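One structure follows; several queries about it will come next.
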2 protein chains.
Amino acid sequence: MDEPARLTIGDLARATGTKVVTIRYYEKAGLLPRPPRSARNYRIYAPEHLHRLRFVRRCRALGFTLDQVRELLSLSSRTDRECAEVDGLAKAHQAAVEAKIADLERLAAELRRISNLCQGGRMADCRIIEALSS
Amino acid sequence: MDEPARLTIGDLARATGTKVVTIRYYEKAGLLPRPPRSARNYRIYAPEHLHRLRFVRRCRALGFTLDQVRELLSLSSRTDRECAEVDGLAKAHQAAVEAKIADLERLAAELRRISNLCQGGRMADCRIIEALSS
DNA sequence: CTTGGACCCTATAGCAACTATAGGGTCAAC
DNA sequence: GTTGACCCTATAGTTGCTATAGGGTCCAAG
């Protein structure tokens with residue numbers, strides 16, 4: 001039989017665009033299992049670890065918090081349960097993101113308004129500063 | 001002549017919707033000047049302090065970082081200078097906010113797509129988890 | 001006069017999610 | 001045999017606060 005691929009932490013880092021320290025941080029935070037160690041105490045990873053790290057990174061890229069990722073990971077491992085919980089998490093997060101967008105839209109509009117006040121004079125008459133003071 | 005109004009830190013907090021600890025934090029961070037103290041070592045504020053705190057809070061509400069607020073404050077005090085710098089800061093921040101919105105829009109679209117995959121089965125066949133793993 | 005509650009003070013630790021740094025060991029190539 | 005790219009642990013720093021501990025002050029009601 002084939003030897004299973006043995007990956008170093010640097011391999012995982014390169015394969016996922018994650019910093020080495022961040023991977024170790026995920027391990028401490030309980031998002032990645034502690035891998036076996038070589039005789040010299042180096043971490044030895046298998047393809048499952050890579051897969052799991054990819055999952056974590058993808059969730060993070062989608063804006064889930066580490067807590068939510070932990071939740072998703074634990075749900076995904078209970079293969080006999082309803083997937084409604086996962087769907088709930090995803091939908092709740094989607095709603096949160098949409099709320100955040102609405103927030104930033106208001107903010108951008110205000111910034112546009114303020115930026116347009118500048119007429120290129122001296123600070124003493126700066127309309128922007130004035131607007132920020134109101 | 002009238003006595004100038006003497007405000008406690010609690011007064012400032014109430015007047016601006018800021019927590020007392022946050023005001024002290026701003027002082028340490030150099031955003032507010034150290035006010036004079038009473039005989040019992042209580043901070044004594046004047047209306048200018050209130051004005052300045054409002055400025056800081058408004059900038060923060062608009063999403064400027066404390067560093068940017070410091071910058072805006074220092075620019076606003078040099079009343080003889082061109083206000084182009086302030087305008088530059090405002091426009092740069094506006095651009096950053098708009099970029100963030102675009103980012104979140106992409107994210108929300110992805111989350112909508114993923115959420116729609118759920119068909120209410122068991123975790124083992126969960127399309128969401130699958131999508132997160134890709 | 002004392003007691004209760006609302007205020008004020010400082011200093012330190014905690015939060016998220018990393019990143020940076022110090023101080024060390026390992027290993028392969030030249 | 002030494003350079004440079006790796007690996008390890010542990011701790012401190014980042015941002016913008018918030019929370020907590022442990023104390024002092026002040027005023028009004030009982």
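Only a predicted model underlies this, so the values are computations on that prediction, with no experimental measurement involved. Chain identifiers are assigned alphabetically (A, B, ...) following the order of the sequence lines, protein sequences preceding nucleic acid strands; residue numbering begins at 1 within each chain.
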So which atom in Ser133(A) and which in His51(B) form the shortest heavy-atom distance, rounded to 0.1 Å?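 Here Ser133(A) and His51(B) meet closest at CB-NE2, 3.7 Å.
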Considering heavy-atom distances to DNA chain D, does Tyr26(B) or Tyr45(A) have its closest nucleotide positioned more toward the 5' end? Tyr45(A)
Could you work out which one of dC17(D), dC7(D), dC18(C) sits closest to the side chain of Thr8(A)?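 Within the option list, the nearest is dC7(D).
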Rounded interatomic separation in angstrom, taking NZ from Lys28(A) and C1' from dT11(D):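 Checked: the NZ to C1' distance equals 9 Å.
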OP1, OP2 of dC8(D) versus side-chain N and O of Arg43(A): anything below 4.0 Å? yes
Between the side chains of Asp125(A) and Arg122(A), is the shortest nitrogen-to-carboxylate-oxygen separation below 4.0 Å, so that they form an ion pair?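 Asp125(A) and Arg122(A): not salt-bridged.
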Interatomic distance where CG belongs to Leu32(A) and P belongs to dA17(C) [whole Å]: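 After rounding, the gap between these two atoms is 15 Å.
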To the nearest Å, give me how far apart CZ (Phe64(A)) and P (dA17(C)) are. 13 Å
Flag yes if more than 12 heavy atoms outside Arg34(B) fall under 6.0 Å of its CZ atom; otherwise flag no.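 Open.
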Quick check: are there more than 12 heavy atoms from other residues, nucleotides or ligands sitting under 6.0 Å from NZ of Lys100(B)?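 Incorrect, the count does not exceed 12.
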When you get a sec, tell me which of dC18(C), dC7(D), dG16(D) is the closest nucleotide to the side chain of Leu66(B)?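 Minimum distance to the Leu66(B) side chain belongs to dG16(D).
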Round to a whole Å and report the spacing from OH of Tyr25(A) to P of dC8(D). 18 Å
Mind checking if Thr65(B) touches a base, just sugar-phosphate, or nothing, with heavy atoms under 4.0 Å? sugar-phosphate
Distance check needed: dA6(C) C1' versus Ile9(B) CD1, whole Å only. 15 Å
Look at Thr22(B) and dT18(D) and indicate whether a side-chain polar atom (N or O) is within less than 4.0 Å of OP1 or OP2.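 Answer yes for this pair, as a side-chain N or O of Thr22(B) is under 4.0 Å from OP1 or OP2.
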Nearest whole angstrom, please: distance from the P of dG23(D) to the CZ of Arg40(B). 18 Å
If you pin Arg37(B) and Arg14(B) to their nearest nucleotides in DNA chain C, which one's is more 5'?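 Residue closer to the 5' terminus by nearest nucleotide: Arg14(B).
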Phosphate OP1/OP2 of dT19(C) contacted by Arg24(A) side-chain N/O (<4.0 Å):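 So the side chain of Arg24(A) is outside the cut-off, no N or O lying under 4.0 Å from OP1 or OP2 of dT19(C).
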Gap between atoms CD1 and P, on Ile23(B) and dC7(C) respectively (whole Å): 13 Å
A quick test of your reading: do over 12 heavy atoms of other residues, nucleotides or ligands sit less than 6.0 Å from CZ of Arg57(A)? yes
Side chain of Tyr42(B), heavy atoms from C-beta onward: which of dC8(C), dC17(D), dA17(C) has the nearest atom to it?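 Given the options dC8(C), dC17(D), dA17(C), the side chain of Tyr42(B) is closest to dC8(C).
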Nucleotide dC7(C), atom C1' - distance to CG of Leu7(B) in whole Å: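 Distance, rounded to whole Å: 15 Å.
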Report the nucleotide, chosen from dC18(C), dC8(D), dC8(C), that has the shortest atom-to-atom distance to any side-chain atom of Arg57(A).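 The listed nucleotide nearest to Arg57(A)'s side chain is dC18(C).
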